[in-house]
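What follows is a short report on a single structure.
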Amino acid sequence: MKHRNARQDVIRELVRSESIRTQRDLVDMLKDRGFACTQATVSRDTAEMDLQKLPEGAYVLSEDMHLQKMLSEFVVGATAAENLIVIRCHPGTASAVAFALDDVELDHVVGTVAGDDTVLMIVDKTVHAADTVRIITQLGNVDSIL
């Protein structure tokens, strides 16, 4: 049970940070992280975790589907500045985007503050900001503003 939970935690992290299109890709990535498992095991994990596929073909966590919809519809771009992330949104949509971001409880995110067209996201450490921007831009299929 402990091994399965650890593996599923890594799957959650991988799905949020990488574009994973096949279970075989997931098996290979897990192997790189020290988990020896078969495609059948990964298939059971994806079913238990209720992973979904986006129209673009990449896996996404079911709990991230609402976030993905919000990001793809309302977010223009995102950029990191130290441990702060600025997310540019269409006018009037920032509070809904911030709520969706808070709802999924992304790792390392301390909180969000929303204006009219901008969300300020605070992450715990500067080193986690770039990864969080990558998750936001990947889920929303938007640009990273540098």
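A quick note: this is a predicted structure, and the numbers were derived from the prediction, not measured.
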Taking the inter-plane angle between the rings of His128 and His108 on a 0 to 90° scale, is it parallel (under 30°), tilted (30 to 60°) or perpendicular (over 60°)?
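Parallel, since the angle between the ring planes stays under 30°.
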Let me confirm one number: the [atom1]-[atom2] distance from [X] to [Y], rounded to the nearest 0.5 Å.
| X | Y | atom1 | atom2 | value |
| --- | --- | --- | --- | --- |
| Thr112 | Leu120 | OG1 | CG | 8.5 Å |
| Gln8 | Phe35 | CD | CZ | 10.5 Å |
| Thr132 | Arg16 | OG1 | CZ | 10.5 Å |
| Leu84 | Thr126 | CG | OG1 | 8.0 Å |
| His66 | Leu101 | NE2 | CG | 10.5 Å |

Given side chains that start at C-beta, do those of [X] and [Y] come closer than 4.5 Å, heavy atoms only?
| X | Y | result |
| --- | --- | --- |
| Ile11 | Leu51 | yes |
| Leu14 | Arg33 | yes |
| Ile85 | Val109 | no |
| Lys53 | Val60 | no |
| Arg44 | Arg4 | no |

Nearest heavy atoms of [X] and [Y], plus distance in Å:
| X | Y | answer |
| --- | --- | --- |
| His90 | Val75 | CD2-N, 4.5 Å |
| Leu71 | Gly140 | CB-CA, 3.5 Å |
| Gly77 | Val142 | CA-CG2, 4.4 Å |
| Ala94 | Cys89 | CA-SG, 4.0 Å |
| Ser17 | Glu13 | OG-O, 2.9 Å |
| Asp25 | Arg21 | OD2-N, 3.8 Å |

Using a strict threshold of under 4.0 Å (side-chain N to carboxylate O), is an ion pair present between Arg12 and Asp9?
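Here Asp9 pairs with Arg12 in a salt bridge, since their nearest N and O are under 4.0 Å apart.
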If you measure from the Lys or Arg side-chain nitrogens to the Asp or Glu carboxylate oxygens, is any gap between Lys69 and Glu73 under 4.0 Å?
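Result for this pair is yes, salt bridge flagged.
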Sequence neighbours excluded - salt bridge (Lys or Arg N to Asp or Glu O under 4.0 Å) pairs with any residue from residues 107-132:
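Qualifying pairs: Asp131-Arg134.
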What do the steps show when you test Leu26 against Thr46 for side chain to side chain contact (heavy atoms under 4.5 Å, CB included), and what is the final call?
CA-CA 10 Å; Leu26 200 47; Thr46 59; 4.1 Å; yes
Verify the cluster assignment for [X] and [Y]: are they in a single hydrophobic cluster under the rule of side-chain heavy atoms below 4.5 Å apart?
| X | Y | result |
| --- | --- | --- |
| Met49 | Val15 | yes |
| Tyr59 | Met29 | yes |
| Ile136 | Ile20 | no |
| Ile87 | Val104 | yes |
| Leu106 | Phe74 | yes |

Does a donor on one side chain sit under 3.5 Å from an acceptor on the other, for Thr41 and Thr38?
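There is such a pair between these side chains.
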Examine distances only and state if a side-chain atom of Ser43 and a backbone atom of Gln39 form a donor-acceptor pair shorter than 3.5 Å.
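No, Ser43 side chain to Gln39 backbone: no donor-acceptor pair under 3.5 Å.
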